[in-house]
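Step one of this worksheet: look at the structure below.
Each chain gets a letter, A, B and so on, in the order its sequence line appears, and its residues count up from 1.
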Number of protein chains: 2
Amino acid sequence: MSVLIVGSTALDSIKTPGGENPRLLGGSASHAAVAASFFSPVKLVGVVGEDFPRRYLQLYQRHGIDLAGLQIRPGKTFHWSGEYEANMNRRRTLLTELGVFETFTPVLPRPHQATPFVLLANIAPALQLHVLNQMARPRFVAADTMDLWLNIALPDLLKLLKRLDAFVLNDTEAQQLTKQDNLLAALGAIHRLGPKYVIIKQGSHGSILSGPRGRFLCPAYPLRKVVDPTGAGDSFVGAMMGFLAAAKGPIEDNIRRAVLYGSVVASFCCEGFGLQRTTRIKRKDIDQRLAELKRLSRF
Amino acid sequence: MSVLIVGSTALDSIKTPGGENPRLLGGSASHAAVAASFFSPVKLVGVVGEDFPRRYLQLYQRHGIDLAGLQIRPGKTFHWSGEYEANMNRRRTLLTELGVFETFTPVLPRPHQATPFVLLANIAPALQLHVLNQMARPRFVAADTMDLWLNIALPDLLKLLKRLDAFVLNDTEAQQLTKQDNLLAALGAIHRLGPKYVIIKQGSHGSILSGPRGRFLCPAYPLRKVVDPTGAGDSFVGAMMGFLAAAKGPIEDNIRRAVLYGSVVASFCCEGFGLQRTTRIKRKDIDQRLAELKRLSRF
């Protein structure tokens, strides 16, 4: 089955102690879509400006990503610029130019409205809701978010949470949302806000999934070198949804493995600037690393 | 087989947002010895003052801990007082009274010198070396440390490292010792300093073991409530060594499981002040939690 992914499609200028890379392909939907594409067909919903490089459209196409829902509007593509500190754990935004994103209203082509799997990647919760309202009867809906929306759009986010099957967020966001330091307490509090499945990401420390069949501690694949963690969380949730859409049987039977695939694809994402590493891997590289992660965790 | 454990034996006064507990039984050797005692016979080497409460000697004895190597000297027992912040991740020392510990020279009773498993729990590396020099031909020697020794006794520590089978330290100490942010790079650098097995602890994020059979990502057991993390690291290494001493077959076959037991006993330690929780569990509680950790990590 296929996955519809809505989110930001952007140009990222990223500075790390290891180098500087201007105008990379970025945005939550770009990372999530490429990650999902290793597993199942993807329909991308987003907006770019007329300055959006043709080579990035070609990149999406090489990954078989359906671009019928990608609007190309007069104006500039959303441009984000950020800088990472030496240990890659903290980043600061240098510049945010919304461009055509400022007036973005996602409109779903009719065939998109029946897509069974929906990933509302990180954008304003109002836009996530707007997309969800256009869907017929999706089988499984997941959303990601970021601290910004907790700060400026919490009522919308709370409205969204009631309509999700799965909600993915990182540990500091979970803490901010629930006022709970304890991970298990935070998971419980988020379930009470709606979602059946909650996944809290902890960066290089892995993630924890909570659902009807209990909890799952998902390890992160240990990396020799983190080049650029931008998009790792988007890759995580993209691969997770791509795997779920492709897998046979009930969600409960597949979601642990889906989270593991998320963890593995996120690890590849961190090994290059932007999507440079992720776009150079094949499904067999992902499966190999998953097998290695299994060996690393076996007891 | 039995484990000889040398380290500090102290009275800890611990303040957390949850409460204040004066003069608890503490010290690296106390925590490690109780943790190891669930698995194998333990010989404790340490020093206390005449003020050391008789009930704490009885506590050691209830755990079958051999006290022939515990000196009782005129003067006061080592007293540490500390305070934890709300999220339990940072603590500050309020007071350190060395007492009889200031002039402590561990002297091993003759039968102790042939103990096959030796745990040099956290004390000055010079004292760890002094104990090691008194041992006949131990089968397996492990040591723990703390940031203080990296700051003030690095040459001794480096001397010690060459003589260890296993070295256990936490992530910030590993970073300080190796100047490497990356965990895998730090593991490699520490192996080059001597030990065949290196275990880096990451608190509530689990630990990573590196040895001749590769690496092992050991999860931490997720807790509903952390009451007091003091001694968790000591419990970890104590249980690990206790399990190894009791297990049949080569170390390589057992060390993953030993690290898991360390993780589980450390989780119990965090659930009470000082040793209050650890001393109320039985081996079956440990095995139950290990089985649960297995279920939480299975894929």
Residue by residue, which of residues 200-222 of chain B have a heavy atom closer than 4.5 Å to a heavy atom belonging to chain A? B:Gln202, B:His205, B:Arg215, B:Phe216, B:Leu217, B:Pro219, B:Ala220, B:Pro222
Interface residues of residues 271-299 of chain B facing chain A - heavy atom cut-off under 4.5 Å: B:Leu293, B:Lys294, B:Arg295, B:Leu296, B:Ser297, B:Arg298, B:Phe299
Let me confirm one number: the CG-CZ distance from B:Asn182 to A:Arg224, rounded to the nearest 0.5 Å. 7.0 Å
Please identify, among A:Leu260, A:Leu183, A:Asp181, the residue contributing the most non-hydrogen atom pairs under 4.5 Å to chain B. A:Leu260
